[in-house]
Amino acid sequence: MPYAVYDRDAFVTRTGLGPDMQVLNIGPDYITASQVAKSVETAVAVAVPDTGQAQGIRSTSTNNVAPVVTKYSHQPFKGNSFDIIFSYHAVNYIQPGEVPGLLREANRILKENGRFASMVWSQKPTNKAQSSHLMLLEILEKLGMLYLHKFDDISRWLEGAGFEEITMELVNRNITVPDNWVRTHLKWLERGTDHYSGKKVTVSRDIEKAIEDYKIHVKEHGE
């Protein structure tokens with residue numbers, strides 16, 4: 001997934017990592033954690049909610065990536081422990097009611113003048129290919145597989161957690177998603193609807209229509 005690695009690389013580079021920094025990565029994204037580990041001499045802690053994700057990170061990462069199983073809203077670290085905390089889309093997999101707790105903990109364990117760097121999906125596509133991806137995300141949200149938090153809500157949660165200097169930027173890069181990755185996205189939808197149906201809940205007609213609209217749109221415009 002070179003295109004995805006590039007996206008993470010740019011995200012990490014913008015924070016200005018130093019070799020002596022203490023870093024925490026939130027969520028099971030082992031690629032970001034491994035990229036961060038290349039820039040620091042200390043171990044990179046990775047907070048994940050279950051042991052399966054921790055085992056996956058251990059099996060795919062270097063020795064200086066250290067997974068820790070914990071609830072997002074109760075981080076087992078002392079206050080003022082980290083220079084930077086990364087969250088590459090991890091917030092998008094946390095229910096709205098749980099995000100403020102995570103952010104309060106992030107603020108608590110950050111050092112003075114530390115930084116919390118979070119990447120979230122934008123709801124403002126700038127071309128038709130990006131519109132395809134937003135259509136996919138909206139379907140996954142309807143299936144309960146992720147959450148498209150609004151920027152205003154995230155800003156409000158950050159302020160409530162005690163963050164004082166908040167900078168938001170729209171990252172606008174045209175990274176073409178490979179065809180094989182689009183096919184993977186379609187499989188996500190199949191698995192998602194199977195899982196949804198497995199709960200003995202009939203997939204609503206609006207979700208079925210949204211899936212068909214997405215397939216047509218992505219075939220014409222890409223993603």
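- Here F116 is tied into one hydrophobic group with L24, I26, V68, Y72, F77, F82, I85, V91, I94, V99, L102, L103, I109, L110, V120, F151, I154, W157, L158, F163, I166, M168, each link being a pair of ILVMFWY side chains closer than 4.5 Å.
- For the pair I139 and A210, the tightest heavy-atom approach, listed with the atom from each and the gap, is CD1-O, 3.4 Å.
- Under the salt bridge (charged side-chain N to carboxylate O under 4.0 Å, His left out) criterion, the residue pairs touching residues 27-44 are R8-D29, with sequence neighbours excluded.
- Listed by first and then second residue, the side-chain hydrogen bond (donor to acceptor under 3.5 Å, both in side chains) pairs involving residues 101-115 are D83-K111, E105-R108 (not counting sequence neighbours).
- A side chain to side chain contact (heavy atoms under 4.5 Å, CB included) with Y30 is found for one member of P67, S59, S61 and no other, namely S61.
- The side chain to side chain donor-acceptor pair (under 3.5 Å) search around H217 returns S132, not counting sequence neighbours.
- Across all non-hydrogen atoms, the minimal contact from F11 to A117 is CZ-O, 3.4 Å.
- Summarising the geometry, atom CG belonging to N127 is positioned 12.0 Å from atom NE2 belonging to H133; distances are rounded to the nearest 0.5 Å.
- Here the CD1-CG distance, from I211 to L140, works out to 9.0 Å after rounding to the nearest 0.5 Å.
- A distance of 8.0 Å separates CD of E169 from CE of M119, quoted to the nearest 0.5 Å.
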| said: Could you go through F86 and V44, starting from their C-alpha distance and side-chain angles, then the distance that decides it, and tell me whether this counts as side-chain contact (heavy atoms from CB on, under 4.5 Å)? | reply: CA-CA 10 Å; F86 286 102; V44 176; over 6 Å; no
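- Contact between L17 and S39 at its shortest, heavy atoms only, is CD1-CB, 3.8 Å.
- Taking all atoms of both residues into account, the shortest heavy-atom contact from A37 to N64 is O-ND2, 3.4 Å.
- Here Y214 pairs with nothing under the ring pair (Phe, Tyr, Trp, His ring centres under 6.0 Å) rule; sequence neighbours left out.
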Would you tabulate the side-chain donor-acceptor contacts of residues 48-57 under 3.5 Å, counting partners in other chains and residues two or more places apart, or write 'none'?
residue: D50; atom: OD1; partner: G52; partner atom: N; Å: 3.0
residue: D50; atom: OD1; partner: Q53; partner atom: N; Å: 2.8

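- Summarising the geometry of K215 relative to V218, their closest heavy-atom pair is O-CG1, 3.4 Å, with the distance given to 0.1 Å.
- Checked against side chain to side chain contact (heavy atoms under 4.5 Å, CB included), L148 has the following partners two or more places apart in sequence or in another chain: W121, Q123, L134, L137, E138, E141, L146.
- Under the side chain to side chain donor-acceptor pair (under 3.5 Å) criterion, R156 pairs with D153, sequence neighbours left out.
- Not a single salt bridge (Lys or Arg N to Asp or Glu O under 4.0 Å) links E164 to another residue, sequence neighbours left out.
- Put simply, CD on E98 and NZ on K71 are 9.0 Å apart, with the number rounded to the nearest 0.5 Å.
- For T42, the side chain to side chain contact (heavy atoms under 4.5 Å, CB included) partners at least two apart in sequence or on another chain are Q22, V40.
- Rounded to the nearest 0.5 Å, atoms CD (Q35) and OG1 (T13) are 8.0 Å apart.
- M135 places none of its side-chain heavy atoms less than 4.5 Å from the side chain of E223.
- Between D206 and K142 there is a side-chain heavy-atom pair separated by less than 4.5 Å.
- Shortest non-hydrogen contact noted between A90 and S87 is CB-OG, 3.4 Å.
- Remark: K209 engages D213 in a side chain to side chain donor-acceptor pair (under 3.5 Å) (not counting sequence neighbours).
- Listed by chain and residue number, nothing satisfies the side chain to side chain donor-acceptor pair (under 3.5 Å) test with S131 (two or more places apart in sequence, or in another chain).
- Note that the CG atom of N92 and the OG atom of S118 stand 7.5 Å from one another [nearest 0.5 Å].
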